[in-house]
Peer 1: 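Quick one: this structure, given as structure tokens, is what I'll be asking you about.
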Amino acid sequence: MVPTQSLLLPLFGGTAAAANLYAAHYSGTLNHLAFNGTSLTLVSSEKTGQTLPSWITYDAAGKALYVPDENFLDPASNAVLVSYSVGANGALTKKGNATTPRGGVATVLYGGKDGRGFIANAHYEAAQVSTYKLPLSDSRPLQTLNYTLDGPGAVPDRQEAPHPHQVLVDPTGDFLLVPDLGSDKIHINKIDKKTGKLTECPPAKTFYGAGPRHAAFWSPSCSKSRVASGKGTVLFVANELSNTVTGWTVSYPYGGCLELTQTQIITPYKGNSSAPAGASLGEIRVQGNYLYTSNRADQSFKPYDSLTQYNIAANGSIAWADLTSAYGLLPRSFELNKAGNYVAIGGQTSDNVAIVKRDTRTGKLGPLAANITVTGPSSGEGNPIGLNTVIWAE
Ligand SMILES: *[C@@H]1O[C@H](CO)[C@@H](O)[C@H](O)[C@H]1NC(C)=O
Ligand SMILES: *[C@@H]1O[C@H](CO)[C@@H](O)[C@H](O)[C@H]1NC(C)=O
Ligand SMILES: *[C@@H]1O[C@H](CO)[C@@H](O)[C@H](O)[C@H]1NC(C)=O
Ligand SMILES: *[C@@H]1O[C@H](CO)[C@@H](O)[C@H](O)[C@H]1NC(C)=O
Ligand SMILES: *[C@@H]1O[C@H](CO)[C@@H](O)[C@H](O)[C@H]1NC(C)=O
Ligand SMILES: *[C@@H]1O[C@H](CO)[C@@H](O)[C@H](O)[C@H]1NC(C)=O
């Protein structure tokens, strides 16, 4: 689908710039990294002014990025969503901010004329989703969705309350989904693109104790019209608490809500075997007809954890393909570059970003291409520590 080597040859042909990456760290920093094909360097590291910067949403067209704040320990203090503009060579300038509910763990752009008119935030701790009109300027929320739970789930210490863990937009741009780890639900909202208002649709119920964390859409072939109609689209969900990946067919009844129907449950391990004790699924990504998950604390490549590759069939079913090293500990975050020839992996407790080569034809993840350590002091007792996010700025 994507021509092999399309990104790095022009970039690394001897002349121009390296690829820019950004990494967020719970010590309170946003880090700018550069990768030139052989080595990864730290260009800058700055304090965001937040308690726990927890995620990065990159807006390539708008040359901006957004960082939510997971601050949750002090009920009296709020969390702050910040925006930066991205200048020449990837340099960052702080722009706006908004006070949000606590426990921000993920953001996504949605709505407006170009899909970038508004931003939604998943708040794990506060059991809420909040939305803001862009650009941010000391903004008040446009809307706050509050979730409630009737009773604890199968994993009472993690499912004592709703825990929205991500917000993502479907390929048509008309629906915003919210995997909710605490409720074993995927909330579905219809987007009013003009006003940014979300209208709640009936949620999809996962199996009991699934613990949905993150999800990614796949659409058959690259045809724009098929993506626009949504035909054949599948949602793949990384279920943290059950260490499973579920496939859901996506349908769009005329004039109605997006609907999900679960079709498959598999584990990240060969032969559908169970995860080692203590392991938990992290991130999930689709590239072409390949799906990947990161497997935290599974120690499959001692001392490191792992990533799983799954092949996606034409009908949208997945099959386990390979398990490879994450070259770090607790790979909470990873992202493939657009050309698909490299994967950046963020090791949370190893405080590193590892870049691994990828074969664009087979989807196989190969050897380590570069590695860097990004450390910082922990921001206080009880707070999470380490590097939580890495993204390519493309
Ligand atoms: C990448 O950077 C490293 C370290 O600065 C340097 O040794 C190497 O020659 C560079 N590689 C390319 C392809 O520019
Ligand atoms: C938010 O914006 C206000 C006003 O511009 C500024 O004083 C404050 O430092 C900003 N906070 C953060 C965390 O960026
Ligand atoms: C959600 O809760 C917040 C308080 O945390 C409140 O301001 C808001 O009105 C609530 N939203 C709805 C739709 O009830
Ligand atoms: C794979 O494992 C999952 C989780 O244990 C189970 O629900 C599913 O039925 C298994 N699938 C097959 C094909 O055995
Ligand atoms: C989807 O395709 C795969 C691989 O060709 C096949 O094994 C599976 O049975 C198919 N599933 C359905 C529901 O047709
Ligand atoms: C990455 O580099 C750090 C030192 O900078 C080292 O401690 C760590 O073991 C390296 N990781 C890998 C996977 O090579």
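Starting from 1, each residue takes its place in the sequence as its number. Both counts, for ligands and for their atoms, begin at 1 and track the order of listing.
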Peer 1: Taking the ring centre of each residue, are His165 and Trp55 less than 6.0 Å apart?
Peer 2: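 No, the ring of His165 stays outside the 6.0 Å limit from the ring of Trp55, centre to centre.
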Peer 1: Within the structure, does at least one protein heavy atom fall under 4.0 Å of atom 11 (N) of ligand 4?
Peer 2: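 So atom 11 (N) of ligand 4 has protein heavy-atom neighbours under 4.0 Å.
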Peer 1: Have a look at ligand 3 and work out which part of Gln128, if any, has a heavy atom under 4.0 Å from it: side chain, backbone, both or neither.
Peer 2: side chain
Peer 1: Report the member of Val245, Ile265, Thr244 with the shortest heavy-atom distance to atom 7 (O) of ligand 4.
Peer 2: Ile265
Peer 1: Which of the numbered atoms in ligand 5 are below 4.0 angstrom from a heavy atom of Asn315?
Peer 2: 1 (C), 2 (O), 3 (C), 8 (C), 10 (C), 11 (N), 12 (C), 14 (O)
Peer 1: Which ligand 5 atoms does Ser317 reach within 4.0 Å, using its non-hydrogen atoms?
Peer 2: 1 (C), 2 (O), 3 (C)
Peer 1: Hey, does Phe35 have a side-chain heavy atom less than 4.5 Å from the side chain of Leu21?
Peer 2: yes
Peer 1: For atom 14 (O) of ligand 5, is there a protein heavy atom at a distance under 4.0 Å?
Peer 2: yes
Peer 1: In terms of residue, atom name and distance, what is the protein heavy atom nearest to atom 5 (O) of ligand 4?
Peer 2: Thr267 CG2, 4.4 Å
Peer 1: Considering non-hydrogen atoms of the protein only, which is the closest contact for atom 8 (C) of ligand 3, and what is the distance?
Peer 2: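 Nearest neighbour among protein heavy atoms for atom 8 (C) of ligand 3, to 0.1 Å: Asn146 ND2, 3.8 Å.
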Peer 1: Parallel, tilted or perpendicular, judged at 30° and 60°: which one describes the rings of Phe236 and Trp218?
Peer 2: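 Judged by the thresholds at 30° and 60°, the geometry between Phe236 and Trp218 is tilted.
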Peer 1: OG/Ser325 to CG/Leu307 distance, rounded to the nearest 0.5 angstrom?
Peer 2: 8.5 Å
Peer 1: Is Asn272 in polar range of ligand 4, meaning some N or O pair under 3.5 Å apart?
Peer 2: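 Among all N and O atoms of Asn272, at least one is under 3.5 Å from an N or O of ligand 4.
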Peer 1: Counting C-beta onward and ignoring hydrogens, is there a side-chain heavy-atom pair between Leu33 and Val353 closer than 4.5 Å?
Peer 2: yes
